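Lettering follows sequence order; numbering is per chain, from 1. On a predicted model such as this, the values are computed, not experimentally measured, just so you know.
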Amino acid sequence: MLDRKYILENAAAVKENCLNRGNDSDIDQLVHLENRRRVKMTESQDFNRQANEKSKLIGKAPAEEREALKEQARTLREQKDTAQKEHDALDQQILEIQNRIPNMSHPAAPIGIDDKANLELRKSDCQPREFDFPVLDHVDLGSQLDLFDFEGGARVAGSGFYFLKNDAVLLELALQQYALRLLIDDGFTPVTTPDLATTEILNGTGYIPRGPETQIYSIENSNLNLVATAEITIGGLLAGQTLTAETLPVRICGTSHCFRTEAGAHGKASRGLYRVHQFTKVEMFAFTLPEQSEQMLEHFCELECRLFEGLEIPFRVVDTATGDLGGPAYRKYDLEAWMPGRGTSGEYGEVTSTSNCTDFQARRLNVRYKTKGEKGTRFVHTLNGTAIAISRAMIALLENHQQADGSVNIPEALRPWIGKDRIEP
RNA sequence: GGAUGGGUGGCCGAGUGGACGAAGGCGGCAGUCUUGAAAACUGCUGUACCCUUACGGGUACCCUGGGUUCGAAUCCCAGCCCAUCCGCCA
């Protein structure tokens, strides 16, 4: 959520930003309503002040004057209530518009309405292999090596669910260990998180449960929802807290399951593990001072690159275009891994993504910090980034490391946790 | 799931329906004293929002939401959360 005062003072810039992001929020209307709301607020406060003054007199007033004073106070309260109600109605309307306005965008973020405008920033040291045998995709590899059971998953929970089997199970655990180890060594505090969170926390992080277009599974008769990412729970971890500036940045990494309905996603590349309703993910998160967040985004991106270089998977990093940033991100880098089995001769597919949300999430989650000797508090900045999303990492891993004989080499970095150097039928 | 006791400022803790944004203490900050430190003493010490160029002023907030009242931390109703004990359980 953007700050209202900011919107009022920078209406033109906010409007332009909405345009760049393909968002049709009515900024003029918001400005108009907010100006009216201010008037009503002042009015209501003034009536209330007068009523308080009368009420204070009643205790000391002689008995014969009390009824008259009571009547006056009562009238003032009624006037206050009326003004207050009008104020609240305006406030509600403003909030509805305000909630739909996306974050501002980094001046360097490429402007464009969708991912076609994404700007490639760098490529991995590790280059795509030249295969001298017919390349299989992860579904076929998995079938030969008995790593997945999609039919079983569908039987139990419907299409989009799956069982991992045999070495794929070890691979999932190994990938988690590998990512967590690297992040812990970098100074993150590791956590496991709830896989459910309340609707308020989801809203605070910028996720909208229970709409027709929602990506979120909700639990009936409760305000709990299955999380789409640990970003939700870790972001919510400090909701409503005021931190002291010296403790920032706070960096947390967590592993959780991620649940996504993928509503409306049918038809897009969805074979196998690419687009599933549940997967496991190791997530990075940071609460920072405003002046630390740009640097932290670079660092998160650097860590993601290091993780995939370590897995010997070719990738590229793109600076995400304004129209593809989603609501909360100020700037976002996607890391796209080379997937040799995708398309006719291999394609890049998104495997991780890291965003600087500046104070956009913090404002709704109400996470603040206080600087010693300074009056008041300010909102922290939040950042999130995928360390490893297991399902997509597994696609890239299997497809890039496949061998002519149908086996798959395990990259050096994972061997300590798997206990073998190749997966064979 | 059953029983009981609780939710007040950074923390502890008081609070006859008007004096309460809230005693007292601790902690923190500033000062006096001291060669320095400690102790002692003095003062200050919540947050958000609104009005104001400023000085300053105002409104709200004592778990949450309703209600009673001219007036609620205080009374009433509902809910949430926490603690302890019992049962059940990976």
With a 4.0 Å cutoff (strictly under), does any side-chain N or O of [X] reach OP1 or OP2 of [N]?
X	N	answer
R38(A)	C50(B)	yes
N48(A)	A60(B)	yes
R77(A)	C70(B)	no
K80(A)	U59(B)	no

Partner of Q361(A) under side chain to side chain donor-acceptor pair (under 3.5 Å), chosen from N384(A), T382(A), N103(A): T382(A)
Mind telling me whether F308(A) and F315(A) have parallel, tilted or perpendicular rings, with 30° and 60° as the class edges? perpendicular
Taking the [atom1] atom of each, how far is [N] from [M], in whole Å?
N	M	atom1	result
G15(B)	C70(B)	C1'	23 Å
G87(B)	C61(B)	P	45 Å
U68(B)	A73(B)	P	16 Å
U52(B)	G57(B)	C1'	8 Å
A23(B)	C44(B)	P	12 Å
G17(B)	G13(B)	P	23 Å
G9(B)	A48(B)	C1'	15 Å
C75(B)	G2(B)	P	27 Å

Distance, rounded to the nearest Å, where [X] contributes [atom1] and [N] contributes [atom2]:
X	N	atom1	atom2	result
N366(A)	U47(B)	CG	C1'	10 Å
E43(A)	C49(B)	CD	C1'	17 Å
Q84(A)	G66(B)	CD	P	11 Å
L224(A)	C80(B)	CG	P	13 Å
R363(A)	C49(B)	CZ	P	10 Å
K5(A)	C50(B)	NZ	C1'	9 Å
D91(A)	C49(B)	CG	P	13 Å
K85(A)	G66(B)	NZ	P	11 Å

Watson-Crick/G-U partner (both atom distances under 3.5 Å) of [N]:
N	value
A37(B)	none
C29(B)	G43(B)
C81(B)	G6(B)
G1(B)	C86(B)
U16(B)	none
A54(B)	none
A48(B)	U59(B)
A72(B)	none

Classify I58(A) by what it touches in the nucleic acid, base, sugar-phosphate, or nothing, heavy-atom distance under 4.0 Å. base
Remember a base hit wins even if backbone is also touched, and classify D46(A) as base, sugar-phosphate or nothing at under 4.0 Å, heavy atoms. nothing
By nearest atom, which of the nucleotides G18(B), G58(B), A48(B) is closest to the S55(A) side chain? G18(B)
Considering only heavy side-chain atoms of T42(A), the closest of C70(B), U59(B), C50(B) is C50(B)
Inter-residue atom distance [X].[atom1] - [Y].[atom2], 0.5 Å rounding:
X	Y	atom1	atom2	result
I313(A)	H401(A)	CD1	NE2	5.0 Å
F148(A)	L164(A)	CZ	CG	6.5 Å
I27(A)	K15(A)	CD1	NZ	8.0 Å
L8(A)	D3(A)	CG	CG	9.5 Å
D421(A)	L414(A)	CG	CG	12.0 Å

Nearest nucleotide by nearest heavy atom, which residue falls closer to the 5' end of RNA chain B, Q45(A) or K56(A)? K56(A)
Toward the 5' end of RNA chain B, which comes first, K54(A) or T377(A), by nearest nucleotide? T377(A)
Using a strict cut-off of less than 4.0 Å between a Lys/Arg side-chain nitrogen and an Asp/Glu carboxylate oxygen, indicate whether D185(A) and R181(A) qualify as a salt bridge. yes
